[in-house]
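Every number for a ligand or one of its atoms is a count from 1 in the order of the listing.
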Amino acid sequence: MTKSQDAYRLISPSGIETELPVLRGSTGPDVIDIGRLYQEQGVFTYDPGFVATGSCTSDITFIDGEKGVLMYRGYPVEQLAAHSSFIEVAYLLLHGNLPKASELETFTETIRTHTMLNEGMMRFFGGFRYDAHPMAMLSAVVGSMSAYYHDTMDVNDPMHRDIFAHRILAKLPTIAAAAYKLNIGQPFIYPRNDLTYCENLLHMFFAVPAEPYEIDPIAADALDLLFILHADHEQNCSTSTVRMAGSSGANPYSAIAAGIAALWGPAHGGANEAVLNMLGEIGNAANIQKYIDKAKDKNDPFRLMGFGHRVYKSFDPRAKIIRKMTHKVLARLGRKDTPLFDLALALEEIALKDEYFIEKNLYPNVDFYSGIIYKALGIPTSMLTVMFAIGRSVGWTAHWREMISDPDGRISRPRQLYSGPTERGFVAIGER
Ligand code: CMC
């Protein structure tokens with residue numbers, strides 16, 4: 001970050017002039033530093049939803065929403081999707097550069113050998129209702145990790161921060177699989193450290209003690225690609241939540257648990273589950289127009305799930321990759337989910353020609369197709385946001401590490417425009 005020669009001059013109605021420095025990143029729009037505004041002019045800025053507000057400086061991920069660009073540490077996501085693996089991308093996001101072969105080997109080994117959960121933690125699952133939503137279990141169990149690892153939770157110790165990152169990445173699939181097995185009433189399957197990250201996930205989800213389970217390499221590859229695409233997305237709602245919770249110095253497991261809770265919402269990661277529910281509700285192509293009309297009706301809360309994005313105003317590059325992959329995966333797996341995909345394509349075609357969606361720049365986002373592939377891999381609808389969380393856990397962890405080691409870091413503490421009652425006197429209960 002550099003300070004530009006330019007500055008904005010803001011003159012208040014009473015004539016107070018404040019010079020607001022302009023900060024320049026390595027690419028993307030400049031940022032106006034408004035830190036002195038309140039001190040000098042006594043006003044706050046107002047930007048609900050942070051539409052035009054940069055909350056931090058970050059080296060991790062860059063998005064150009066107009067051009068549909070997404071880069072992790074400078075590498076276009078298309079290149080990483082074509083040539084890399086999720087574990088390599090995780091290393092890149094956490095450490096800033098692609099690993100050398102020996103670094104990747106050590107990192108992979110570390111993640112592979114930290115997949116088991118403390119048995120006490122496994123017993124938590126006995127306390128959840130059989131039909132508990134897996135996102136509720138994921139958030140609760142990740143939060144509970146802080147009760148197990150308090151000897152390595154010094155946020156100022158870089159080694160403790162590394163251990164935390166490895167634990168989150170290694171153990172999330174185990175927690176997710178345990179939640180799934182509870183939901184379907186099957187015994188938990190322990191991780192196998194001889195398998196790759198995604199093979200192990202499939203094994204813990206779908207193996208049963210009674211018979212051998214053969215891992216489908218196509219499924220493992222598809223999962224790996226989806227995790228790469230989910231891995232980070234700069235200051236999105238859940239990542240900002242992780243940063244904000246962590247900014248108080250709270251332990252990182254609690255911060256990640258808060259991120260998981262934020263991701264669950266249907267406007268964010270919960271959209272992939274909502275897309276499949278919506279497609280199920282639409283049922284067949286004849287009903288599409290009815291749902292398009294509902295989405296356009298201001299008096300109807302229904303929105304076309306998997307459409308629209310705060311940042312992407314041309315296309316979501318992740319959706320483009322997944323759309324292509326969905327064709328391939330469905331064909332190669334020979335699954336019966338093709339009608340669902342056909343319905344999604346028909347819905348997309350009608351929406352993209354509709355004046356409302358064109359005018360508002362509403363395009364399919366990453367969640368529009370991801371659920372269809374997950375479903376083809378045998379992952380049930382209720383687990384879709386959990387899959388998103390496993391991929392995004394890397395981004396959350398990278399951002400938490402960046403936030404906690406930022407020398408200019410301060411507790412996140414926004415201000416407000418107060419609109420409640422002004423001062424009034426207390427009235428005794430009998431006189432109200
Ligand atoms: N269907 C119908 N209308 C929509 C939709 C939609 N999916 N998305 C936005 N609009 C309309 C919205 O009503 C508004 O209209 P108007 O200007 O007349 O008030 C306009 O488009 C702008 O929308 P917004 O809600 O102000 O935009 P936002 O940036 O605050 O919200 C969004 C972005 C993703 C939350 C929203 O587009 C949405 O709710 N989409 C459906 C949920 C979804 O697919 N979420 C996944 C996002 S990608 C993955 C992730 O982030 O986790």
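- In this structure, the protein non-hydrogen atom closest to atom 52 (O) of ligand 1 is H268 ND1, 2.6 Å.
- The option with the heavy atom closest to atom 37 (O) of ligand 1, from among Y312, Y363, F307, F388, is F307.
- Atom numbering of ligand 1 starts at 1 in the shown order; those under 4.0 Å from a heavy atom of P266 are 42 (C), 45 (N).
- For atom 42 (C) of ligand 1, the closest non-hydrogen atom on the protein side is M305 CE, 3.4 Å.
- Near D367, meaning under 4.0 Å from one of its heavy atoms, ligand 1 places the atoms 46 (C), 49 (C), 52 (O).
- Atoms of ligand 1 found under 4.0 Å from any heavy atom of G269, numbered from 1 in the order shown, are 52 (O).
- Ranked by closest heavy atom to atom 28 (P) of ligand 1, the top entry among R318, R310, K298, H309 is R310.
- The K360 neighbourhood of ligand 1 comprises atoms 11 (C), 15 (O), 16 (P), 17 (O), 18 (O), 20 (C), 21 (O), with distances under 4.0 Å to a heavy atom of that residue.
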(request) Determine, stepwise, if the pair N272 / T385 fulfils side-chain hydrogen bond (donor to acceptor under 3.5 Å, both in side chains). (result) CA-CA 7 Å; N272 53 14; T385 313; 3.1 Å; yes
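- Here the protein heavy atom with the shortest distance to atom 34 (C) of ligand 1 is G308 O, 3.6 Å.
- On a distance-only criterion, N365 and ligand 1 share at least one N/O pair closer than 3.5 Å.
- Close approach of ligand 1 to G306 (heavy-atom distance below 4.0 Å) involves ligand atoms 43 (C), 44 (O).
- Annotation for ligand 1: atoms under 4.0 Å from non-hydrogen atoms of A295 are 2 (C).
- By the definition of a contact as any protein heavy atom under 4.0 Å away, atom 49 (C) of ligand 1 is in contact.
- Protein heavy atom closest to atom 9 (C) of ligand 1, with residue, atom name and distance, is L362 CD2, 3.5 Å.
- To the nearest 0.5 Å, atoms CG (D216) and CG (L202) are separated by 8.0 Å.
- Under 4.0 Å from ligand 1, the heavy atoms of Y356 that appear belong solely to its side chain.
- Distances below 4.0 Å separate heavy atoms of A271 from the following atoms of ligand 1: 43 (C), 44 (O), 45 (N), 46 (C).
- Nearest protein neighbour of atom 23 (O) of ligand 1, counting heavy atoms only, is R303 NH2, 4.3 Å.
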(message) Go through it in stages, so that I can follow the logic: the residues are F341 and H327, the test is ring pair (Phe, Tyr, Trp, His ring centres under 6.0 Å), and I'd like the CA-CA distance, side-chain angles, deciding distance and then a yes or no.
(response) CA-CA 8 Å; F341 187 41; H327 278 293; 4.9 Å; yes
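- The structure places CZ of R310 at 13.0 Å from NE2 of H233, a figure rounded to the nearest 0.5 Å.
- In this structure, the separation between CE on M204 and OH on Y213 is 11.5 Å, given to the nearest 0.5 Å.
- With a heavy-atom cut-off of 4.0 Å, K296 does not touch ligand 1 at all.
- Among all protein heavy atoms, the one lying closest to atom 1 (N) of ligand 1 is L304 N, 3.1 Å.
- Contact annotation for D316 and ligand 1: no heavy atom of the residue comes within less than 4.0 Å of the ligand.
- For F315 and Y363, the distance between ring centers is not under 6.0 angstrom.
- Residue-ligand proximity, A267 to ligand 1, at heavy-atom distances under 4.0 Å covers atoms 35 (C), 45 (N), 46 (C), 47 (C).
- With rounding to the nearest 0.5 angstrom, the OH atom of Y72 is 7.5 Å from the CG atom of L80.
- For atom 21 (O) of ligand 1, a protein heavy-atom neighbour is found at a distance under 4.0 Å.
- Counting only distance, with no hydrogens or angles, the side chain of R73 and the backbone of L93 share a donor-acceptor pair below 3.5 Å.
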(message) N277 vs E281, test: side-chain hydrogen bond (donor to acceptor under 3.5 Å, both in side chains). Steps then yes/no.
(response) CA-CA 6 Å; N277 292 335; E281 209 181 298; over 6 Å; no
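- Contact annotation: for C237 versus ligand 1, there are no heavy atoms closer than 4.0 Å.
- One distance of note links CG of L104 with CG of L98; it measures 9.5 Å at 0.5 Å rounding.
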